[in-house]
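Just so it is clear, the model here is predicted, and its values are computed rather than measured. Throughout, protein chains are lettered first and strands after them, A, B, ... in sequence-line order, and every chain is numbered starting at 1.
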There are 2 protein chains.
Amino acid sequence: MSMVSERKGNRRAQQKLDKRERIRQAAWELFTTVGYEETTTKQVAAAADVATGTLFLYARDKRDLLCLVMHDRLGGVVDARFQTVPRQAPLLDQLMHLFRGLFEMYGEHPALSAAFIRHYPGADGPNGQQLNALTSKFLYLISQLVLDQQARGEVGADVEPLLAAANIFSLYFGALASWMTGFMSLEDALDPGLRRALALQIRGFRP
Amino acid sequence: MSMVSERKGNRRAQQKLDKRERIRQAAWELFTTVGYEETTTKQVAAAADVATGTLFLYARDKRDLLCLVMHDRLGGVVDARFQTVPRQAPLLDQLMHLFRGLFEMYGEHPALSAAFIRHYPGADGPNGQQLNALTSKFLYLISQLVLDQQARGEVGADVEPLLAAANIFSLYFGALASWMTGFMSLEDALDPGLRRALALQIRGFRP
DNA sequence: ACGCCACCATGACCATGGTCATAATTGACT
DNA sequence: AGTCAATTATGACCATGGTCATGGTGGCGT
């Protein structure tokens with residue numbers, strides 16, 4: 001075992017990852033150019049060079065395929081933004097830094113993002129679970145930001161960081177929803193919209 | 001014209017309403033007993049005694065049919081609860097009175113409610129629009145509650161009632177979402193869950 | 001090298017959501 | 001009553017998401 005195949009003894013697993021990646025790539029390409037609803041699962045399968053049925057070994061259904069596609073993007077943006085958070089700034093600015101990153105990402109592919117947001121609540125396939133895990137991580141990271149502010153005395157000691165994070169996330173999703181109903185542009189949903197919502201919530205964090 | 005047909009000269013419109021009602025009834029019956037995903041549109045059409053295609057004259061698609069079915073229920077609960085709001089109680093109790101009514105309604109048919117909540121964001125069919133209108137009304141009524149509290153000095157004058165209402169609604173939806181992920185029961189999503197979330201937001205309303 | 005088995009891939013197949021050309025009603029106007 | 005335009009109903013039909021029995025492929029023990 002194992003002198004020659006430097007990366008790994010297991011070829012099976014490698015092929016599986018390759019296929020997974022091909023599928024993700026193909027789905028992303030088609031979803032962004034053709035549109036989510038307009039793309040058929042068979043098109044994705046063909047573009048990824050796998051059979052129809054194979055697709056559903058990697059995603060429970062089309063919705064789950066969308067989760068698979070979005071998970072990476074979201075994960076990347078979340079990581080990038082948390083690493084560049086202005087640690088000394090007020091909480092509102094820190095949060096806006098986070099959410100601006102996400103909104104910019106959505107703005108690059110508004111139609112796909114809208115489809116994603118519609119299908120996000122209650123995602124239950126395997127990739128949906130991954131997304132929920134990412135959300136939990138996101139909530140945790142936000143709660144850490146709150147914790148920092150607590151240490152600095154900017155946030156009351158009786159505010160539970162995770163609860164605060166959950167509220168913030170709800171407002172974030174609400175802002176996205178208000179965009180989806182067509183009442184405001186994505187930019188406005190972020191800047192007058194979410195900013196004011198967050199500000200009103202943060203008032204409640206004061207000692 | 002019009003001595004005999006007391007209600008109205010227009011027979012066409014009447015038949016249309018009848019059909020609409022039959023469809024709603026049939027869909028409700030099937031959705032609650034068989035389940036939303038498990039019910040086929042043809043079953044609904046048959047039960048309503050209309051042809052397949054006719055169904056889609058009254059609802060753009062299956063999702064819109066779900067909106068049609070839920071609109072009435074929600075409207076009824078919203079009206080009933082606003083009429084029995086404890087006007088002298090603190091805002092938190094008033095809101096909990098409202099949301100308890102909604103959660104109880106969801107609790108009567110959890111599976112259907114879950115399907116509804118999944119499909120609520122971005123509802124765009126004709127009945128989805130109706131639902132959005134109902135949501136606007138709901139937001140407005142909540143903002144009136146906030147306004148009352150402002151008059152009593154319980155809420156700061158610089159809090160914009162509609163913004164406050166929107167935040168409250170976001171937290172409400174967030175509570176429902178947290179139920180859907182299976183992390184908590186519906187009761188817990190209401191009482192420890194939503195209650196605490198609202199309390200934290202209301203802190204921000206203080207003068 | 002060989003053969004065996006667990007796991008993965010395949011694509012013909014199926015059920016269902018949704019469409020659309022055609023047919024039937026309705027009410028208004030003679 | 002008779003004609004006509006407009007609106008609404010119909011159900012055969014289609015495209016697509018998703019399944020499943022069958023066929024292949026890598027890993028592993030010998």
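- Applying the salt bridge (charged side-chain N to carboxylate O under 4.0 Å, His left out) test to residues at least two apart or on different chains, the pairs with a partner in residues 127-140 of chain A are A:Asp79-A:Lys137.
- Atom CZ of A:Phe183 sits about 12.0 Å away from atom CG of B:Asn132, to the nearest 0.5 Å.
- With sequence neighbours excluded, the residues satisfying side chain to side chain contact (heavy atoms under 4.5 Å, CB included) with B:Gln144 are B:Tyr140, B:Leu147.
- A:Arg22 is linked by a salt bridge (charged side-chain N to carboxylate O under 4.0 Å, His left out) to nothing, counting only residues two or more places apart in sequence or in another chain.
- Side-chain nitrogen and oxygen atoms of A:Tyr58 include none within less than 4.0 Å of the OP1 or OP2 phosphate oxygen of C:dC8.
- If you check residues 27-34 of chain B against DNA chain D, you find no residue with a heavy atom closer than 4.0 Å.
- Screening residues 30-44 of chain B for salt bridge (charged side-chain N to carboxylate O under 4.0 Å, His left out) gives B:Glu37-B:Arg118 as the qualifying pairs, with residues at least two apart or on separate chains.
- Under the salt bridge (charged side-chain N to carboxylate O under 4.0 Å, His left out) criterion, B:Glu108 pairs with no residue at all, not counting sequence neighbours.
- Judged as a salt bridge (charged side-chain N to carboxylate O under 4.0 Å, His left out), and not counting sequence neighbours, A:Arg20 has no contacts.
- Under the rule for a salt bridge (charged side-chain N to carboxylate O under 4.0 Å, His left out), A:Asp49 has no partner lying at least two apart in sequence or in another chain.
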Under 4.0 Å protein heavy-atom contact, by nucleotide of nucleotides 21-26 of chain C - B base, S sugar-phosphate only: ----BB
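- Note: CG (B:Leu17) to P (D:dA9) measures 11 Å, nearest angstrom.
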Sugar-phosphate or base contact per nucleotide [nucleotides 10-18 of chain C; S, B, -; heavy atom under 4.0 Å]: BB-B--SBB
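- Applying the ring-ring contact (aromatic ring centres under 6.0 Å, His included) test to residues at least two apart or on different chains, the pairs with a partner in residues 36-78 of chain A are A:Phe31-A:Tyr36, A:Tyr36-A:His119.
- Taking B:Pro90 as the reference, B:Asp93 meet the side chain to side chain contact (heavy atoms under 4.5 Å, CB included) condition, with sequence neighbours excluded.
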